[in-house]
Amino acid sequence: MAGSALRRLMAEYKQLTLNPPEGIIAGPTNEENFFEWEALITGPEGTCFEGGVFPAKLTFPPDYPLSPPKMQFTCDIFHPNIYSDGRVCISILHAPGDDPMGYESSAERWSPVQSVEKILLSVVSMLAEPNDESGANVDAAKMWREDRSEFNKIAETLVRRTLGIPLRPYRAVMANRDQS
Amino acid sequence: MGDEGETMTNNVSENSEPTANQDELILAQQRQIEKEISDNIPLVGELDSVISLNKEYSTDDIYLEKIKDLASKYSYVRRTRPDGNCFFRAFSYAILEKLLCDKDSFIKFYKIAENSKNVLVELGFQQFTVEDFYDTYMEVLKRLKDIENIGEAKKELHNVFNDQGYSDYMVVYLRLLTSAQLQKEHDFYSCFIEGDRTVADFCHQEVEPMYKESDHIHIMAACSALNTGVRVLYMDRGTGNNVTKHDLPEGCSPTVHLLYRPGHYDILYP
């Protein structure tokens, strides 16, 4: 039985390699340790995160898939459902009963027949449609609600940073003008 | 007092920090309570006399009366760990224990189980998510089937159900079979689901996840999935001196007898 988590993770890795969902790459950081994965998530089209490639790590518990993994972005990201240290806070990463986050009862929860793929797809929808009710990052939730254009500007900066592209010149000019 | 004041301020400033938030403290406490339960109560216990329940209610006359009534109908109780999986664990243990004494029924049960993975996949479960649970379930059934001596087979059953890895995988698989049964007969079961949740939603939230407690609807579907009947004896602080019995499905001749106390199931023996 000790090998069952490993066996499942290997099956999931194979599945993700054979049928990768669009815009997502994921797999073990190194093949010696299947309990630590890296994922690259492309910002969904038509959203303020479009074009960005966001790296994250997934950490699996020894009793996976009875318990869910943890997920943390390893780049700078500003989003209502992501803590400022990158930890992702969505319902599918929690078993029902772990309710202090105040998720809606209808939200998708972790169960042993969920999968890494389902988690990553949920994260993509979370990027596209933040849930400002359960604020892991209160500042981001507030800005998402009250000042969308500022939120979009920050997102754009982060997208460019993940791609290693410097800020657009005109924004640098604006920034200088504000200072003077 | 000075120290307390300081802690208070720390807490306040920590609340605005992402690292130590209240939600996580609550979860940590919940984990601690769960650990205490799992350290002290086996997944499935040894046989105990029904009268031994008295110890848990020494000052509660209503319960003591009801235990007296229960003891007139049953001699033994086998306790299970109260971890939210107790119905599924008790039910599958009890039914397998019963089947060990009836080789023909066991073989029939085994044959239905063998084909059950296909049923799950046809219903839309992803093969790689059900495979390991199915394999473990079949491995356990095969192991029990191959032991000739009933006493030894019962000992093996007890060991398997107290090995956390195997025991939990047996629970998961019965949860999946129950979910499949609910979804197969969704027209019927949808009448029992409150709110505007679909049967599939209900299964994803209340049946498939580990540690979710079971209700009437879980029991009905589990019985139907394994083609058997169960008698549940309800014991609570309600009026009357007697425990109340319920057969599921109604009118069946039950193979498994369970004791229900609010929030928990144990196994009963004549």
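Keep in mind the model is a prediction, meaning the values are calculated, not measured. Any value given below was found using the heavy atoms of this structure, including those in side chains, with hydrogens, waters and symmetry copies removed. Each chain gets a letter, A, B and so on, in the order its sequence line appears, and its residues count up from 1.
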If you count the non-hydrogen atoms of other residues, nucleotides and ligands that lie under 6.0 Å from CG in B/Asn159, is the total more than 12?
yes
Atom pair OG (A/Ser111) and OH (B/Tyr211), whose distance is rounded to the nearest 0.5 Å
12.5 Å
Assess whether atom CG of A/Asn30 is packed by more than 12 heavy atoms of other residues, nucleotides or ligands within 6.0 Å.
yes
Can you see which heavy atom on A/Trp110 is nearest to which on B/Pro209, and at what distance?
O-CB, 3.5 Å
I'd like to know whether NZ of A/Lys57 has more than 12 heavy-atom contacts from other residues, nucleotides or ligands below 6.0 angstrom.
no
Could you pull out the closest heavy-atom pair between A/Val113 and B/Leu176, with the gap in Å?
CG1-CD2, 3.6 Å
Take atom CD in A/Glu129; do more than 12 heavy atoms of anything else shown fall under 6.0 Å from it?
no
Would you say A/Ile25 has more than 12 foreign heavy atoms packed within less than 6.0 Å of its CD1?
no
Could you check whether any side-chain heavy atom of A/Arg8 comes within less than 4.5 Å of a side-chain heavy atom of B/Thr129, counting everything from C-beta outward?
yes
Quick check: closest heavy atoms across A/Pro112 and B/Glu208, and the distance to 0.1 Å?
CD-O, 3.4 Å
With a 4.5 angstrom heavy-atom cut-off, could you sort out which part of B/Phe125 is near chain A: side chain, backbone, both or neither?
side chain
In Å and rounded to the nearest 0.5 Å, what is the CZ to CD distance from A/Arg7 to B/Glu131?
9.5 Å
Toward chain A, the part of B/Gln126 with a non-hydrogen atom under 4.5 Å
side chain
What's the separation between atom CZ in B/Phe128 and atom NZ in A/Lys14, rounded to the nearest 0.5 Å?
11.5 Å
Correct closest heavy-atom pair for A/Tyr64 and B/Tyr169 would be O-OH, 4.2 Å
Quick check on B/Phe133 against chain A: is it the side chain, the backbone, both or neither that has a heavy atom closer than 4.5 Å?
side chain
Got more than 12 heavy atoms from elsewhere within 6.0 Å of CD, A/Glu146?
yes
Is atom CD of A/Glu45 surrounded by more than 12 heavy atoms (other residues, nucleotides or ligands) closer than 6.0 Å?
no
Could you state the interatomic distance from CD (B/Gln205) to CD (A/Glu108), rounded to the nearest 0.5 Å?
8.5 Å
Closest approach of A/Ser4 and B/Asp132, non-hydrogen atoms and distance?
O-OD2, 3.8 Å
Does A/Glu32 CD have over 12 foreign heavy atoms under 6.0 Å away?
no
